[in-house]
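Below is one structure, written out as structure tokens; comments come after it.
Computed from a predicted model, the values in this text were never measured in an experiment. Labels below follow one simple rule: chain letters A, B, ... track the order of the sequence lines, proteins then strands, and each chain is numbered from 1.
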2 protein chains.
Amino acid sequence: MNARAPRQKPASQRATIADVAAAAGVSKATVSRFFNHRERLLSPDIAARVEAAIATLGYSPSPMAQALSRGKSRLIGLIVADITNPYSVAVLRGAEKACQDAGYLVMLFNLGNDFERGREAIDALAGYQVDGFILNTLGRGAGVVDAVARHGKPVVLVDRRHDGMEADFVSLDNAGAMALACEHLRDGGAREFLYLTEPQHDVSTRHERAAAFGDCMKVHAGVLHGRVVESREDANDALDQALCALVGRASPGHRPAVIAGNAVVTLRIATAMTRLGWRFGDALSFVGFDDTEWAPLVGPGLSTIAQPTDAIGRTAATCLIERLGGLEGPARQLLLPGQLVLRGSSLSP
Amino acid sequence: MNARAPRQKPASQRATIADVAAAAGVSKATVSRFFNHRERLLSPDIAARVEAAIATLGYSPSPMAQALSRGKSRLIGLIVADITNPYSVAVLRGAEKACQDAGYLVMLFNLGNDFERGREAIDALAGYQVDGFILNTLGRGAGVVDAVARHGKPVVLVDRRHDGMEADFVSLDNAGAMALACEHLRDGGAREFLYLTEPQHDVSTRHERAAAFGDCMKVHAGVLHGRVVESREDANDALDQALCALVGRASPGHRPAVIAGNAVVTLRIATAMTRLGWRFGDALSFVGFDDTEWAPLVGPGLSTIAQPTDAIGRTAATCLIERLGGLEGPARQLLLPGQLVLRGSSLSP
DNA sequence: TTGTAAGCGTTATCAG
DNA sequence: CTGATAACGCTTACAA
């Protein structure tokens, strides 16, 4: 008996390892061993007793206590720039599946497009002892590189590189995908091209796509002509003008081509088209990045570049888990191919 | 000095409370008090020393250790049936915001539409000592009620009731929203109605909407006629037939009306319309539940019922946090109003 | 093969 | 107001 009163035990809680030990008439260590080294060092009869006690008490170890004790949590921190973005969600799903298969749980932190919160997110997740990070943000927002470095945990970057950071990187093969789109449109007779993108800022994917677009034009220099225009929210006039200018440049018999850098831009273009009274596949050919569920429903159907989102997420998770398993070596770069989905917007009538 | 070698301290880790205590020349208890009871019981000079040590070491308390010690984690478990569903995501966003404002972190578990995993999800989250649950699933899938009950933690249900469960419930006012849609369509001249829903199974929202539809028809018995049809994936023929039958029933001068139970059904109907070569707002009037970003782009624009998703999520989180704060009393029921968004599909030409 | 006890990073009780 | 010290639930040397 202790002189001091022990903190009272909250009446009916989950069974703890001590309860099991008591019930089975063994020590806590033995119960712990039952879970972690069962076969190797436990006699059958004791194992049976422990097993029975576990069953009757409905015991399962507390991951928190385990994490505290082991220093690792089997938790993976996933930070997304914007959970509203279907791309992010699709990637998330893939990653989550892979993690669960490997016995990891995903802790999600959504930045809600507030890039300054990146550091905060990392610190919060690190507090919960996540073993590693999957980051689908970065570029803007300071301190993230340091924040990650400070905790010294493995990181995988998805879709957005970050300069100062030596980390595995998983993404769509932007150059390949853009080439697919451009070649398809060229085959359809297009000579004048317009690439519409969200403001590029520091988002690596946007830069890569714009650069790839430029390269495609260069390959057919003299015959293909392209322009890149940044589309901003609420800048409808600029968008309309860019489209009109494009159509104005086109020579007869050669339908001009528009490529959208992502689904957000596609949405804006579709709105502009109704505003202008134009029809996809008629006034112009169109291909957009990101194959949304509604792409088939707009006008004659929108041709798109489908990203292997699920594979991207799964690959990212796998990468990270490999690193957690101790894999060494330089940062890897995994570029997955996109797929051209043909619909009316880019086909000849 | 201990006879036994202590487990070696991993070289450069996060600073712990002990490090801070040492640096400030005080006890761990004092450092702890600095965070939890600063003003009340800490002399200014000691507080200053602690503060300095915290700053130089970059210390912040480990939430895991806190959770272990306190028995509460400031973590909220959020279980969604399907993260792919934009409705769920929108709610998630609202809830997350409210939680963060209140100093809680959300742990997300996605069922991926595998309803049998509900129990697993709850146990996993309970393992991490979440203080309470927000559930956006249930109905199907066994054991969830017991699983929740077993842990005895507060729960808020979103959008889907569950019979055996006494818990706060937050959702769209389905009856009100349906009435809005029906009255609008009736004003537009519709007399023959078709309500298309996903298979109702045990999903309470689907039942409520179907029942509300029936009630609306009953209110104008004799003049309004309605049918409810369940639309299944890959049952295109049945859908087409239902639509044709509806149009067949309509008397001249009275455009028939179609109401879609959610965005998934809306998508199917839109596809059917192009298949049939019909045009929204022409062959029939249309209103669908859920205001998606693409609703304005389909045909003349689709009229919808916009759910206050953000408010739903926020409300759910607030509810839960109130309970965590000790609020007693019977289960509450919070029904938030929907908003009718008018577009071409339900307007007279 | 099993038990003992230290330690993971906190908080809370009790004595000064 | 401050410091020891026992818990929280678990793992893991080390001893037996």
key: Set of side-chain hydrogen bond (donor to acceptor under 3.5 Å, both in side chains) partners for Glu120(B), sequence neighbours left out   = none

Any N/O donor-acceptor pair, Ser69(B) side-chain to dT10(C) base, under 3.5 Å = yes

request  = Using only side-chain N and O atoms of Ser27(A), determine if any of them is under 4.0 Å from OP1 or OP2 of dT4(C).
outcome  = no

request  = Would you mind reading off the distance between Tyr128(A) atom OH and dC8(C) atom C1', rounded to a whole angstrom?
outcome  = 17 Å

task = Establish whether the base of dG3(C) is bridged to the side chain of Arg33(A) by a donor-acceptor pair shorter than 3.5 Å.
result = yes

message = From C-beta outward on Ala29(A), which listed nucleotide comes closest to its side chain: dT2(D), dG3(C), dT11(C)?
response = dG3(C)

request  = Check every strand shown and say whether Ser73(B) touches a base, only sugar-phosphate, or nothing at a heavy-atom separation below 4.0 Å.
outcome  = nothing

note = Per nearest nucleotide of DNA chain D, the residue lying toward the 5' end, Leu42(B) or Leu68(B), is Leu42(B)

ask   = Should the heavy atoms of other residues, nucleotides or ligands under 6.0 Å from CG of Asp45(B) be counted, would the total exceed 12?
value = yes

inquiry  = Run Arg70(B) and Asn36(B) through side-chain hydrogen bond (donor to acceptor under 3.5 Å, both in side chains) and show every step you take.
reply    = CA-CA 12 Å; Arg70(B) 294 181 172 149; Asn36(B) 304 304; 3.1 Å; yes

query = Between atom CZ in Arg70(A) and atom C1' in dG9(C), what is the gap in whole Å?
reply = 17 Å

note = Picking from dT12(D), dC10(D), dT10(C), the nucleotide nearest the side-chain atoms of Ala65(B) would be dT10(C)

ask   = With ring centroids as reference points, do Phe109(A) and Phe133(A) lie under 6.0 angstrom apart?
value = no

